[in-house]
Amino acid sequence: MALLDVNGVTLRYKTSSAVVTATERVSFTVDKSDRFVLLGPSGCGKSTLLKAVGGYMSPSEGRMTINDREIHGPGADRMMIFQEFDQLLPWKSVLANVMFPLLTARKLSRKDAEAKARAYIEKVGLTRVVDAYPHTLSGGMKQRVAIARGMAMEPDILLMDEPFAALDALTRRTCQDELLQLWSETKFTVLFVTHSIAEAIRIGNRILLLSPHPGRVKAEVIDVDKVSSGDGSAGRLEKEIHDLLFAAEATAH
Ligand SMILES: Nc1ncnc2c1ncn2[C@@H]1O[C@H](COP(=O)(O)OP(=O)(O)OP(=O)(O)O)[C@@H](O)[C@H]1O
């Protein structure tokens, strides 16, 4: 049984003047410990899909289940990490930010929540700024805090919406490496949205390619690690994915 099953999902926004179809009959499954990437051009509905998996939006068509339970709203089994640096609470320290959802979930005592928060802050290499406030941190550090906060909840799946897109190239690369390092330690499951082909290949073990607006499944690249290992293979895969996405655009016009 898949951890997450997205089956024939159409997502629409209804505004006062129009109905916008963001994704059309999208299906995919995510297994435990997958690094599953949703890849596609701007506007193809990647963020909308993530929002729906997060429980913030209901499908107009189709069904989504996590652990065989239908998704009806947000839950602690799914933690979301966004692109924006301002997702932390500015009046709380790093430690308090990471502890906040642990305390809100009321599953742990304050002492245990603090111990867990400190452990995850250490995992992302931020022990030295545990008492600092968000405005004193760099963009990369803020994203690490957001990742620590999401991971500390030990959700069944982490939902990451272009978490490194606003970082400079060097920091972005470091953050990608750190995420992979964390994954090799804990084998968490992540659904990761990006429009960067290179990032998709670096992060994912499976990549779902979506066609432009409205997003439909174009193809799935399975076993990315195997295909992209070896000299020049990542470059070849990048070109193949580019051609597939480009073909998707050509078909749409
Ligand atoms: N709140 C909203 N109301 C109406 N339409 C929306 C809303 N949010 C998104 N859309 C539309 O839904 C479609 C998909 O948007 P979405 O943000 O999911 O795409 P995306 O693939 O994540 O793009 P990007 O990479 O630029 O973030 C777009 O056409 C967008 O204009």
Side-chain angles (χ1 to χ4, degrees), residues 4 6-28 30 34-64 66 71 73-74 78-87 139 142-143 146-147 150 157-169 171-173 175-176 179 190-204 206-221 238 241-253:
L4 173 71
V6 173
N7 192 348
V9 166
T10 298
L11 295 162
R12 293 198 177 97
Y13 291 100
K14 294 185 180 75
T15 65
S16 52
S17 56
V19 176
V20 180
T21 302
T23 69
E24 200 162 68
R25 296 192 185 160
V26 169
S27 299
F28 62 92
V30 179
D34 265 342
R35 291 171 277 119
F36 195 100
V37 176
L38 297 174
L39 173 68
S42 185
C44 75
K46 306 179 293 294
S47 300
T48 306
L49 267 170
L50 211 65
K51 254 189 262 172
V53 173
Y56 298 102
M57 198 172 163
S58 302
S60 318
E61 195 180 10
R63 203 165 171 259
M64 292 177 303
I66 184 151
I71 294 175
R78 288 149 286 144
M79 291 301 291
M80 203 118 165
I81 294 158
F82 301 94
Q83 176 179 344
E84 293 79 19
F85 297 154
D86 61 3
Q87 61 192 297
K142 285 181 197 170
Q143 290 311 76
I147 291 169
I157 187 164
L158 268 182
L159 309 174
M160 304 183 93
D161 193 358
E162 307 228 29
F164 309 138
L167 300 171
D168 65 86
T171 312
R172 183 174 188 164
R173 178 99 190 190
C175 284
Q176 291 167 346
L179 188 71
V190 58
L191 180 58
F192 190 103
V193 160
T194 183
H195 61 257
S196 156
I197 301 176
E199 182 166 73
I201 294 171
R202 274 181 71 71
I203 296 291
R206 295 168 66 192
I207 304 175
L208 193 78
L209 306 187
L210 295 166
S211 63
H213 183 70
R216 299 190 188 99
V217 174
K218 180 71 188 165
E220 183 181 337
V221 186
E238 195 167 333
I241 291 178
H242 177 273
D243 291 347
L244 270 166
L245 286 174
F246 185 73
E249 267 175 54
T251 339
H253 293 121

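In what follows, residues are counted from 1 in the order of the sequence shown. For ligands, and for the atoms within them, numbers begin at 1 and follow the listed sequence.
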Closest to atom 19 (O) of ligand 1 by heavy-atom distance, out of G45, P41, S196, is G45
Quick one: pull up CD1 in I157 and CZ in F192 and give me the separation to the nearest 0.5 Å. 13.0 Å
Mark yes or no for whether R78, through its side chain, and L159, through its backbone, hold a donor-acceptor pair below 3.5 Å. no
Nearest-contact summary for atom 27 (O) of ligand 1 - protein heavy atom, Å: S47 OG, 3.8 Å
Using distance alone, decide if ligand 1 has a nitrogen or oxygen within less than 3.5 Å of any nitrogen or oxygen in K46. yes
Test side chain to side chain donor-acceptor pair (under 3.5 Å), reference Q143, set Q83, Q87, E84, output is Q87
Looking only at protein heavy atoms, identify the closest one to atom 13 (C) of ligand 1 and say how far it is in Å. G43 O, 3.7 Å
Any G40 heavy atom less than 4.0 Å to ligand 1: no
Counting distance only, does the side-chain N/O of S211 pair as donor-acceptor with the main-chain N or O of K218 below 3.5 Å? no
Which residue and heavy atom of the protein sit nearest atom 26 (O) of ligand 1, plus the separation: S42 OG, 2.5 Å
Give me the nearest non-hydrogen protein atom to atom 12 (O) of ligand 1 as residue plus atom name, then the distance to 0.1 Å. Y13 CE1, 3.5 Å
List in chain and number order the residues that pass side chain to side chain donor-acceptor pair (under 3.5 Å) with K51, two or more places apart in sequence or in another chain; answer none if no residue qualifies. Y13
For ligand 1, which atoms sit closer than 4.0 Å to a heavy atom of T48? 14 (C), 15 (O), 16 (P), 18 (O)
Tell me whether atom 6 (C) of ligand 1 lies less than 4.0 Å from at least one protein heavy-atom position. yes
Output for pair (M79 CE, M160 CE), nearest 0.5 Å, gives 11.5 Å
Taking only heavy atoms of A22 into account, list the atoms of ligand 1 that are under 4.0 Å away from them. 12 (O), 13 (C), 14 (C)
Could you say whether the N/O atoms of T15 and ligand 1 ever approach to under 3.5 Å? no
Ligand 1 atoms nearer than 4.0 angstrom to some heavy atom of E162 are 25 (O)
Answer yes or no: is there a donor N or O on one side and an acceptor on the other, between the side chain of K46 and the main chain of H195, under 3.5 Å? no
Going by a strict under-4.0 Å cutoff (protein heavy atoms only), does atom 31 (O) of ligand 1 have a neighbour on the protein? no
So for ligand 1, is V20 a polar contact partner (N or O within less than 3.5 Å, distance only)? no
Listed by chain and number, what are the side chain to side chain contact (heavy atoms under 4.5 Å, CB included) partners of T21, not counting sequence neighbours? T10, R12, E24, P214
Drop me the distance from I197's CD1 to L245's CG, to the nearest 0.5 angstrom. 5.0 Å
